[in-house]
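Data first, discussion second: the structure below is written as structure tokens.
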Amino acid sequence: MNLLYTHRLEVRFADCDPLGHVNHAVYLTYLEQARFELWRRLWGFNGETSRTAAGGAGIILARAECDYRIPATYGDTLDVRLALASIGRTSFTYEYEIVDAATPRLMAAARTVLVLYDYATAQPVAIDEARRADLSRAVPSSLE
């Protein structure tokens with residue numbers, strides 16, 4: 001895994017289901033949190049600057065997959081490790097490991113495919129060389 005970024009978070013009570021472990025859908029939110037924090041550090045990404053950061057295009061989620069290994073529970077501290085797996089013409093793929101920060105046991109492994117997208121034309125947008133370089137650049141993690 002060619003690590004780009006690590007985002008640390010604490011499991012909230014609201015993240016857990018009645019059985020006491022993190023609900024499966026919440027893991028996708030953890031991936032999103034790590035992704036958005038990476039983009040914030042790369043481009044100053046936020047709700048107002050998201051299209052400017054992507055060169056006038058938005059970034060949309062096209063695919064998400066997650067393999068659950070060990071359940072996380074309330075109060076656990078997790079590290080979401082993010083790596084760039086590939087860059088295509090209009091899309092890029094991230095791989096993730098969610099690990100228990102204390103042990104570090106692998107809790108889940110995931111992949112997402114994201115597409116640069118022009119909402120005005122409803123079409124994918126080609127990823128230029130500058131953006132490719134940005135996507136490949138590691139940034140200091142939230143742990144530093």
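We're numbering straight along the sequence, starting at 1.
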Practice item. Side-chain contact test, heavy atoms from C-beta onward, threshold under 4.5 Å: evaluate it for L31 versus I98 and give yes or no. Key: yes
Exercise for the section: Kindly indicate whether the side chain of T73, heavy atoms from C-beta on, has any atom under 4.5 Å from the side chain of V11. Expected result: no
Applying a strict under-4.5 Å side-chain criterion to I, L, V, M, F, W and Y, I'd like to know whether F92 and L3 cluster together.
no
pair P104-E97: side-chain heavy atoms closer than 4.5 Å: no
Between D15 and E10, the two heavy atoms sitting closest are OD2-O, 4.4 Å
Which of I59, T90, I60 passes side chain to side chain contact (heavy atoms under 4.5 Å, CB included) with Y117? Answer is I60
What is the ring orientation for Y94 with W39, classed by angle as parallel under 30°, tilted 30 to 60°, or perpendicular over 60°? tilted
Could you tell me whether the side chain of Y119 and the main chain of A57 form a donor-acceptor pair under 3.5 Å?
no
Original post:
Are side-chain heavy atoms of R137 and L42 found at a separation under 4.5 Å?
Top reply: yes
* Between M107 and Y68, is any pair of side-chain heavy atoms under 4.5 Å apart? -> no
>> Closer than 3.5 angstrom, by distance alone: can the side chain of R8 be matched with the main-chain N or O of T77 as a donor-acceptor pair?
In response: no
| When you look at Y5 and V80, which way does the side-chain contact (heavy atoms from CB on, under 4.5 Å) test go after all the steps? | CA-CA 8 Å; Y5 183 69; V80 182; over 6 Å; no
- Where the side chain of D100 meets the backbone of A102, is there a donor-acceptor pair that is under 3.5 Å apart? yes
Shortest non-hydrogen pair, C66 vs A108, comes out as SG-CB, 4.0 Å
Heavy-atom closest pair (H21 atom, P71 atom, distance to 0.1 Å) is CB-CB, 3.7 Å
| task | Report yes or no: does D76 contribute a side-chain atom to a donor-acceptor pair with the main-chain N or O of L78 at less than 3.5 Å? | result | no
On a heavy-atom basis, the closest approach of I127 and G88 is CD1-O, 4.0 Å
- Is any side-chain heavy atom of R63 less than 4.5 Å from a side-chain heavy atom of T112? no
| said: With a 4.5 Å cut-off on side-chain heavy atoms, are R111 and V113 touching? | reply: no
### Query
Does one hydrophobic cluster hold both I70 and L106, with members joined at side-chain heavy-atom distances below 4.5 Å?
no
For A126 and L116, the nearest pair of non-hydrogen atoms, with its separation, is O-CD2, 4.0 Å
S141 and R41 have their tightest heavy-atom pair at O-NH1, 3.9 Å
request  = Say whether Y30 and Y74 are linked into one hydrophobic cluster, either directly or through other cluster members, by side-chain heavy-atom distances under 4.5 angstrom.
outcome  = no
Check: Would you call L38 and L82 a side-chain contact if the rule is heavy atoms closer than 4.5 Å?
Finding: yes
